[in-house]
Amino acid sequence: MATRVSPMPLVAANWKMNPNDAGDALDLVRGVLSVARGHADRVEVAIFPPFPWLLGVSEVIAESGVKLGAQDCFWELSGAYTGEVSPAMLKGWCEWVITGHSERRIYLGETDEMVAKKTASALGSELSVIMCVGELADHYDAGTSDQVVEAQVRAGLANCSADDSARLVIAYEPVWAIGTGKSADAEHAYKTMRLIRRVVGELIGAGAARKVRILYGGSVNSGNVESYVELPLCDGVLVGSASLDAAEFAHIVKVTAEVYGHR
Ligand code: PEP
């Protein structure tokens, strides 16, 4: 088996707007801590709780090697933007932020231009970014997934450079696979991730693009995670629903560590 040359895989837990109770949030993170810590030399684990739980979760994971991230940020660093949270506010106790999640694109009308501004601002504030891209079911059915994903990558990275590559992750998340239990087949995921790698290379140069990690997301669970993380171009997974079950998420981390440990 060939030695893996790309960076450490990333397993990211997007809790979305869950759980409603602070105590449950702390129990959830405690539930994955020992497994995540035990595999910290082979898998980077990042937890993305809702904003109100960030502080409590940061205290639980302190010194564990598990990373913390926010699910979104605004592009300005401060000012009259009611309800928004800036990268400058996150910096210092969050290492990561997600931009362009499809639920924000769909429910809050986030455009590619907004995603590009958020991504550049977060990177400029020295946060690491998971920028999400992915086609709708209609695009998939019409066979236009590649065009849609390529356009999102080009637009989303419009303000980025090669200097950002080590802190940039792109999550390929087909929208029809998110929260539906209908995960993409591995071949479709592979072809799209290969396309993303090529486009990123055109934008920031092939050398820098090799440092950019590419994840799959969309109904990942302990039963199907292996089929994604064993793909040569896949640098990990972004997990939504299954990350709300500590045992399930811990299993995903364990499988990822085993697969990458054998490369
Ligand atoms: C997500 O929210 O990014 C996601 C992939 O969700 P799920 O795993 O529930 O499909």
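In each ligand, atom 1 is the first atom listed, and ligand 1 is the first ligand listed. Basis for what follows: all heavy atoms, side chains included, without hydrogens, waters or symmetry-related copies.
Salt bridge present: Lys118 and Glu110 bring a charged side-chain N and a carboxylate O closer than 4.0 Å. Between Glu202 and Arg154 there is a salt bridge, since a side-chain N of the basic residue sits under 4.0 Å from a carboxylate O of the acidic one. Classification of Arg167 and Glu95 as a salt-bridged pair fails, no side-chain N sitting under 4.0 Å from a carboxylate O. A salt bridge links Asp235 with Arg197: the closest approach of a Lys/Arg side-chain nitrogen to an acidic carboxylate oxygen falls below 4.0 angstrom.
Of all atoms in ligand 1, listed by their number and element, those nearer than 4.0 Å to a heavy atom of Leu238 are 3 (O), 5 (C). Close approach of ligand 1 to Gly218 is summarised as follows: ligand atoms under 4.0 Å from at least one heavy atom of the residue are 5 (C), 10 (O). Below 4.0 Å from some heavy atom of Ser241 lie the following atoms of ligand 1, by number and element: 7 (P), 8 (O), 9 (O).
Scanning the protein heavy atoms around atom 6 (O) of ligand 1, the nearest turns out to be Lys16 NZ, 3.2 Å. Of all protein heavy atoms, the one closest to atom 1 (C) of ligand 1 is His101 NE2, 3.2 Å. Looking only at heavy atoms of the protein, atom 3 (O) of ligand 1 is closest to Glu173 OE2, 2.7 Å.
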Stepwise side chain to side chain donor-acceptor pair (under 3.5 Å) check, Glu135 with Tyr172: CA-CA 9 Å; Glu135 79 280 8; Tyr172 169 54; 2.8 Å; yes
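At least one heavy atom of Ser219 sits closer than 4.0 Å to an atom of ligand 1. The closest approach between Ala171 and ligand 1 stays at or above 4.0 Å for every heavy atom of the residue.
Taking all heavy atoms of Gly179, Ala12, Gly240 into account, the minimum distance to atom 10 (O) of ligand 1 is reached by Gly179.
At a heavy-atom cutoff of 4.0 Å, ligand 1 is contacted by the side chain of Asn14 but not by its backbone. Heavy atoms of Ala177 found under 4.0 angstrom from ligand 1 belong exclusively to the backbone.
For Trp75 and Glu84, the side-chain atoms include no donor-acceptor pair closer than 3.5 Å.
Side-chain contact check for Leu157 versus Asp164: every heavy-atom pair is 4.5 Å or farther apart. Counting heavy atoms from C-beta on, the side chains of Val200 and Val153 come closer than 4.5 Å.
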